[in-house]
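Okay, so here's the structure we're looking at.
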2 protein chains.
Amino acid sequence: MSDTIEQKCLAKGAKLTDQRKIIAKVMSESTDHPDVDELYNRVSKIDSKISIATVYRTVKLLEESGIIERHDFKEGKSRYEPSAEEHHDHLIDIKTGEIIEFVDKEIEELQIKVANKLGYKLVDHKLELYGIKKKS
Amino acid sequence: MSDTIEQKCLAKGAKLTDQRKIIAKVMSESTDHPDVDELYNRVSKIDSKISIATVYRTVKLLEESGIIERHDFKEGKSRYEPSAEEHHDHLIDIKTGEIIEFVDKEIEELQIKVANKLGYKLVDHKLELYGIKKKS
DNA sequence: GTAGATGCAAAGTATTTGCGACAAG
DNA sequence: CTTGTCGCAAATACTTTGCATCTAC
């Protein structure tokens, strides 16, 4: 797992510092969508000397390398998650803030079709559903 | 047009000040998606004494009243547009920043279906397509 | 040894807020 | 009158950056 990350960093000509290894490891083990502050907390538990500036610089690096993905949900800050093999979108519970990941091929295909119809080639998209849990 | 906005403000128990009238009018006449700074520029041309704090307070008020909508595209700031009768989504040209509005009923329906499948009632959603113009 | 990375604190953006003055209802 | 609103400047939240030091390669 971290091998891959390290290889990707090297491929970019980036130096493999301890800080980067730690941040990459913590991110790759995250199953939620931490913001920078939360990531900084987790990383600090491993090495308390890492500065938040380095965390900011590293998430930017990892994002540009396609290793993690940034999301701007309806808050004032960015959240990150490791890039998945298969693309997915998010449903956010507006009561609890819980984030559920989902995949829907039909929607994906329709998006491409819509973009085409408008004369565009789709290169990226963002789909977020906001909902409240139904009583079961 | 501005009648509606004024009525809606009054219904909320909000006072109908000159500043609000001007900001609401400028927004209702906007066909693009201005950010607060741009809105402030436009408003200042009509009344140069209006402060940017008032613009921030007013867009928040108008948004909470459902009169305008906020969007967080992939920038660090919010953009606004008057609420439309019919809901629509956006396609953003990643080269030029141009924003194209579109409607696709099929996607809308699928979203509701997906949310239901996950046990949620869909109350809101955000769909943004990012693309590059195809040579015609 | 050298280019690139780090830590720190200062600087930048975007946005919010406390407060005294003011105006709408 | 009274309550909400305004303008101003200070404050906040998130993120970036200049610089001297340090470290991976």
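For clarity, every value in this text was computed on a predicted model and none was experimentally measured. In what follows, chains are A, B, ... by sequence order, proteins preceding strands, each numbered from 1.
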Quiz item: A:K95: what forms a side-chain contact (heavy atoms from CB on, under 4.5 Å) with it, not counting sequence neighbours?
Solution: A:D93, A:I132
Self-check item: Atom-pair distance (CG on A:D37; C1' on D:dT15), nearest Å
Solution: 12 Å
Quiz prompt | NZ/NE/NH1/NH2 to OD/OE distance under 4.0 Å, A:K25 and A:E29 | solution = yes
Quiz item: Side chains of A:T54 and A:I23: closer than 4.5 Å at any heavy-atom pair?
Solution: yes
Quiz item: Could you state the CG-C1' distance from A:L62 to C:dA5, rounded to the nearest angstrom?
Solution: 14 Å
Below 3.5 Å is the cut-off: list the nitrogen or oxygen pairs between protein and nucleotides 1-4 of chain D, distance only.
from: D:dT3; atom 1: O2; to: B:K15; atom 2: NZ; distance (Å): 2.5
from: D:dG4; atom 1: O4'; to: B:K15; atom 2: NZ; distance (Å): 3.4

Practice problem: Output the residues of residues 50-58 of chain B in contact with DNA chain D, where contact means a heavy atom of the residue under 4.0 Å from an atom of the strand; sort by number or write none. | Solution: B:I50, B:S51, B:A53, B:T54, B:R57
Quiz item: Is there a donor-acceptor pair closer than 3.5 Å between any side-chain N or O of B:S78 and the backbone N or O of B:D72?
Solution: no
Quiz item: If we only count heavy atoms from C-beta on, is the B:D32 to B:I99 side-chain gap below 4.5 Å?
Solution: no
Quiz item: For the pair made of CG in A:L61 and P in C:dT6, what is the distance, rounded to whole Å?
Solution: 9 Å
Self-check item: Interatomic distance where CG belongs to A:L39 and P belongs to D:dC14 [whole Å]
Solution: 15 Å
Quiz item: Taking DNA chain D as the partner, which of residues 69-81 of chain A come within under 4.0 angstrom of it by heavy atom?
Solution: A:G76, A:K77, A:S78
Quiz item: So which pairs with a foot in residues 73-92 of chain B pass salt bridge (charged side-chain N to carboxylate O under 4.0 Å, His left out), sequence neighbours left out?
Solution: A:D124-B:K74, B:D35-B:K77, B:E75-B:R79
Quiz item: DNA chain C: B:D18 or B:V36, which has the more 5' nearest nucleotide?
Solution: B:V36
Quiz item: Separation of A:I22 atom CD1 from C:dG7 atom C1', in whole Å?
Solution: 14 Å
Exercise. For A:D47 and D:dC22, give me the distance from atom CG to atom P, rounded to whole Å.
Key: 16 Å
Practice problem: To the nearest 10°, let me know how far the axis at one end of the helix from C:dG1-D:dC25 to C:dG25-D:dC1 is tilted from the axis at the other, five pairs an end. | Solution: 40°
Quiz item: For A:E38 and A:R42, what are the C-alpha separation, side-chain angles and deciding distance, and is it a salt bridge (Lys or Arg N to Asp or Glu O under 4.0 Å)?
Solution: CA-CA 6 Å; A:E38 173 59 23; A:R42 295 181 193 175; 2.8 Å; yes
Self-check item: Over 12 non-hydrogen atoms of neighbours within 6.0 angstrom of NZ in A:K113
Solution: no
Exercise. Check whether any side-chain heavy atom of B:K126 lies under 4.5 Å from a side-chain heavy atom of B:H71, and answer yes or no.
Key: no
Quiz item: Can you check whether B:H90 reaches B:F73 side chain to side chain, under 4.5 Å on heavy atoms?
Solution: yes
Self-check item: Distance below 4.0 Å between A:Q19 side-chain N/O and C:dG7 OP1 or OP2
Solution: yes
Quiz item: When you check the phosphate oxygens OP1 and OP2 of D:dT16, does a side-chain N or O of A:K60 lie under 4.0 Å from one of them?
Solution: yes
Quiz item: Do B:I107 and A:E106 touch side chain to side chain, with heavy atoms closer than 4.5 Å?
Solution: no
Exercise. Please examine the side chains of A:M27 and A:I67, heavy atoms only from C-beta on, and report whether any two atoms are closer than 4.5 Å.
Key: no
Quiz item: Does a sphere of radius 6.0 Å around NZ in B:K133 hold more than 12 heavy atoms from other residues, nucleotides or ligands, not counting ones at 6.0 Å or beyond?
Solution: no
Practice problem: Please tell me if the side chains of B:P82 and B:E69 come closer than 4.5 Å, counting only heavy atoms from C-beta onward. | Solution: no
